[in-house]
Structures are given as C-alpha cells and as structure tokens.
Amino acid sequence: MINGESKTELEKFLAEIREGAGTQIRLSPSGGEETHFTIEYQGQIVDAYVSGRGEQTDALVRLVKYLVAGAPHANAPEGKADRLRWIVLGEGGAWEAFRFMAKYHVSDGACFAADVVPERKTGEAALHIERCLEGTNDFAVRVDDNRICVVKFLGEEQSPVEFGQFLFQTLYEELGLKASIGIGCEVKSFSEIASSYNQAVTAVRMSSIFHSRGEVHSYREYLLVKLLENVPQNQLREYMSQFRIENTAEIFEDPDMVNTAEEFLANSLNVSEASRNLFMHRNTLMYRLDKIERITGLDIRNFSDAVTFRVIAVLYKLLKL
C-alpha cells in the first residue's frame, strides 16, 4: 500500500499527465467502462484506472507506465531555460521532457536539434535566435559560453539543413556573426531530443576535424566516420593497407588537392559546377583529378571510385588523429 506522502506526489505527477494528455488517471475505481492497470512508483506497485478501453487506451496506459517508472529527479531545475538545458544535455529523461511540455504548453511531435556555435557573442546570438522563433513552437537555449541549442519541430516550410542555413544567414546578416551549425537527426518526440542534440554537437566536432566545407553540417554526413571512429588503430591500418596506395600523403597532405577533391564530390561529380565554385579553370580541375587517379588509381569521376576515395580519406584522417 502506497503511503500518504508518496501517494500525494504520485497524484501530482498524474495531474501533470492529465494536463498534457487530457485524460485523468485515477488511483481508485470510479465505476463504468474503465481499464485497470498497475504502475511502479518508487519501488511500489500501485493500482491505477483510466476511463475507456481499446487500442488508444492501451497506448495511453503504456505511456503512463513508462513515464511513472522513470520518476522525476529530485534535483530537477525550476526555470524554463535551466530545465530545457538539462533536458537537451540528457540529464533529464523522458518524464522530465513530458513535464516540460505540459508546464510550458509545448505541442509534441517530430523534431530535431541544432547546435549553433557562434565565433563570438554567444549571449547576443542566443537572444537573436529566440526573437526569430517567437510565435512558433520552437525554442532555443544557451547551453554554455560557446554553444546554443535550437529545438525545431518539423514542418513543411524547411528541411533541417535549410533551417540551419537560415540560422547561419540571420546571424551573419543581423549581427555580423559567423557560426558553425550542426544538425541532428529527426526524432519522433521531444522526449528524445537529447539524442538529436548530441548528434548535432558531433556534427560540429567532425566538421572541424575534417575541415569540411560550408557552415552547416548534418550528422548524416558523418555516419561513415562514426562507424569507423571507434575501430582500433591497428584495424584501421589494416583496412588502409588493403587499398595498396603508397603515396596517400601526396594527396591528403596537400590542402589544394584535398579541397579540390572535396568540392568535386560535394558537387555530385560535376566538373563544371566544381570548377565554378572553386573559381578554377576547368583544365586545372581536370589536371588535379588526373593527378589523384595517377597516385591512387582511383578515377573519382566514376561513382564507385569516388565512394572508395571517400572511405580512404576518412581512414587517413582517423589514422592521423
């Protein structure tokens, strides 16, 4: 039997669920058509009841059981910004995310996180982004002295990368600030936002390691890197040796050659687009592509060779870290 103090706390949590879900969960039966189930709270099994039956009711029951099992943290911060920061950094679980949505009337749905790292004036940048998001379901919070997390719910108006480009553009045009921006993968619910923000932070980190072109970087760009990042160095060296390329440094230690290859790959192997973006004569670009082929044996104008070149580039960089 749950004691009085714990029962009062549980009833308070259930009231928050009612505010968010619009359905009352009771600790005693009321009669009529209702579903009985049990929930685990602070190590105790408690009887609970909800009106109705069927698939929707069963789904609600599963949600309630999950949320109550992950009871709230005693050290949860109180303020909106502090609580949001706590959630996106993964220090609060799904329950805390749900409480945040209920308290601040946030409509749940598919969303993603962006990590914004301005070159300076992080506080001013955060305030500007907050102003840009006024009147939407989206929000931003300053995570530390250098980073800002932006939570964006999916809509039809912009793709995640386009939203990242919007953030970069508005900071540059309005404040004269450049920023590195990482985009995490979409998640089904705000309760999963911490994983998306972690991916966004990873994208920014990877872009600096690999000197990637542009200012907006999606986590998906670096899935290959993440797959190989935790592989032991001796295994990476074995992978590299299987390509049997002796003079990789002649390409990968030459910034001009690396930049040329990256731009060519980024422009879908289109010579005209790459030469235009590099402000380079077409013949110069072709000479460099021929040089890459001569040294590596890979003609990156061919898709399969381009993929192989990308793998080698990742292996080379990881072996140099």
Side-chain angles (χ1 to χ4, degrees), residues 112 115 117 160-161 164 180-187 195-278 280-321:
F112 65 91
D115 182 40
V117 186
V161 171
S180 294
I181 299 175
I183 304 295
C185 294
E186 300 90 339
V187 292
S195 65
S196 181
Y197 183 61
N198 181 60
Q199 292 168 349
V201 171
T202 298
V204 172
R205 178 173 65 87
M206 290 295 181
S207 70
S208 64
I209 293 174
F210 284 84
H211 305 290
S212 304
R213 59 189 288 276
E215 297 82 14
V216 180
H217 305 279
S218 169
Y219 177 76
R220 289 190 174 92
E221 294 175 40
Y222 301 103
L223 286 178
L224 175 60
V225 179
K226 289 300 293 178
L227 287 172
L228 295 172
E229 189 178 30
N230 296 322
V231 174
Q233 288 275 305
N234 62 332
Q235 186 68 59
L236 292 178
R237 281 191 288 272
E238 182 179 339
Y239 290 156
M240 180 65 96
S241 68
Q242 291 174 5
F243 290 106
R244 301 184 183 281
I245 300 173
E246 295 182 359
N247 301 314
T248 50
E250 193 171 345
I251 297 298
F252 297 113
E253 294 297 329
D254 184 335
D256 289 336
M257 293 301 295
V258 171
N259 187 47
T260 298
E262 289 291 333
E263 191 67 38
F264 182 66
L265 296 179
N267 284 278
S268 304
L269 317 187
N270 186 303
V271 172
S272 298
E273 287 294 322
S275 59
R276 184 180 303 113
N277 290 333
L278 287 165
M280 180 185 294
H281 194 279
R282 180 187 178 95
N283 290 344
T284 304
L285 174 59
M286 296 298 289
Y287 169 79
R288 291 185 178 181
L289 296 180
D290 288 339
K291 182 178 180 180
I292 291 172
E293 183 178 5
R294 185 173 67 254
I295 293 172
T296 66
L298 299 171
D299 180 4
I300 64 173
R301 287 160 286 205
N302 176 283
F303 177 76
S304 61
D305 280 2
V307 172
T308 302
F309 181 86
R310 171 65 73 193
V311 173
I312 293 172
V314 171
L315 287 171
Y316 186 87
K317 191 67 179 181
L318 290 175
L319 285 168
K320 297 288 287 185
L321 294 179

Enquirer: Quick one: closest heavy-atom pair of Phe112 and Pro160, and the distance?
Expert: CZ-CA, 3.5 Å
Enquirer: NZ/Lys291 to OG1/Thr260 distance, rounded to the nearest 0.5 angstrom?
Expert: 10.0 Å
Enquirer: When rounded to the nearest 0.5 angstrom, what distance separates CG in Leu236 from CD in Gln233?
Expert: 5.5 Å
Enquirer: Looking only at heavy atoms, which two atoms of Ser195 and Val187 are closest? And how far apart?
Expert: OG-CG1, 3.8 Å
Enquirer: Tabulate below the donor-acceptor pairs under 3.5 Å that side-chain atoms of residues 220-229 make, not counting sequence neighbours, or state none.
Expert:
residue : atom : partner : partner atom : Å
Arg220  : NH1  : Glu186  : OE1          : 3.2
Arg220  : NH2  : Glu186  : OE1          : 2.8
Glu221  : OE2  : Ser218  : N            : 2.8
Tyr222  : OH   : Ser212  : OG           : 2.7
Tyr222  : OH   : His217  : ND1          : 3.4
Lys226  : NZ   : Glu229  : OE1          : 3.1
Glu229  : OE2  : Arg205  : NH1          : 3.1
Glu229  : OE2  : Arg205  : NH2          : 3.3

Enquirer: Once you round to the nearest 0.5 Å, how far does CD1 of Ile292 lie from OH of Tyr287?
Expert: 11.5 Å
Enquirer: Can you measure from CG (Leu278) to CZ (Phe264) and round to the nearest 0.5 angstrom?
Expert: 10.5 Å
Enquirer: Could you state the interatomic distance from SG (Cys185) to CD (Gln199), rounded to the nearest 0.5 Å?
Expert: 4.0 Å
Enquirer: Enumerate the side-chain hydrogen bond (donor to acceptor under 3.5 Å, both in side chains) contacts for residues 294-308, please, sequence neighbours excluded, ordered by first and then second residue.
Expert: Asp290-Arg301, Glu293-Arg301, Asp299-Arg301, Asn302-Ser304
Enquirer: What pairs with Pro255 under side-chain contact (heavy atoms from CB on, under 4.5 Å), at least two apart in sequence or on another chain?
Expert: none
Enquirer: Excluding sequence neighbours, so at least two apart, what forms side-chain hydrogen bond (donor to acceptor under 3.5 Å, both in side chains) with Arg310?
Expert: Glu262
Enquirer: Using the test side-chain contact (heavy atoms from CB on, under 4.5 Å), find all partners of Ala306 that sit at least two apart in sequence or belong to another chain.
Expert: Leu265, Leu269, Ile300
Enquirer: Run the salt bridge (Lys or Arg N to Asp or Glu O under 4.0 Å) test against Glu263 and tell me which residues pass, sequence neighbours left out.
Expert: Arg213
Enquirer: My understanding is that only residues two or more places apart in sequence, or in another chain, count here; which of them pass side-chain contact (heavy atoms from CB on, under 4.5 Å) with Asn270?
Expert: Ser272, Glu273
Enquirer: For residues 237-250, tabulate all N or O donor-acceptor pairs below 3.5 Å that involve a side-chain atom, not counting sequence neighbours.
Expert:
residue : atom : partner : partner atom : Å
Ser241  : OG   : Glu238  : O            : 2.7

Enquirer: Test of understanding: with salt bridge (Lys or Arg N to Asp or Glu O under 4.0 Å), list the residues that count as partners of Asp254, not counting sequence neighbours.
Expert: none
Enquirer: Would you please name every residue forming a side-chain contact (heavy atoms from CB on, under 4.5 Å) with Val204, sequence neighbours left out?
Expert: Asp115, Val117, Arg147, Ser180
Enquirer: Under 3.5 Å, which donor-acceptor pairs link side chains of residues 314-321 to any protein atom two or more places apart or in another chain?
Expert:
residue : atom : partner : partner atom : Å
Tyr316  : OH   : Glu253  : OE2          : 2.6
Lys317  : NZ   : Ile209  : O            : 3.2

Enquirer: Provide the closest heavy-atom pair for Ala203 versus Gly182 in the form atom of the first, atom of the second, distance.
Expert: CB-CA, 4.1 Å
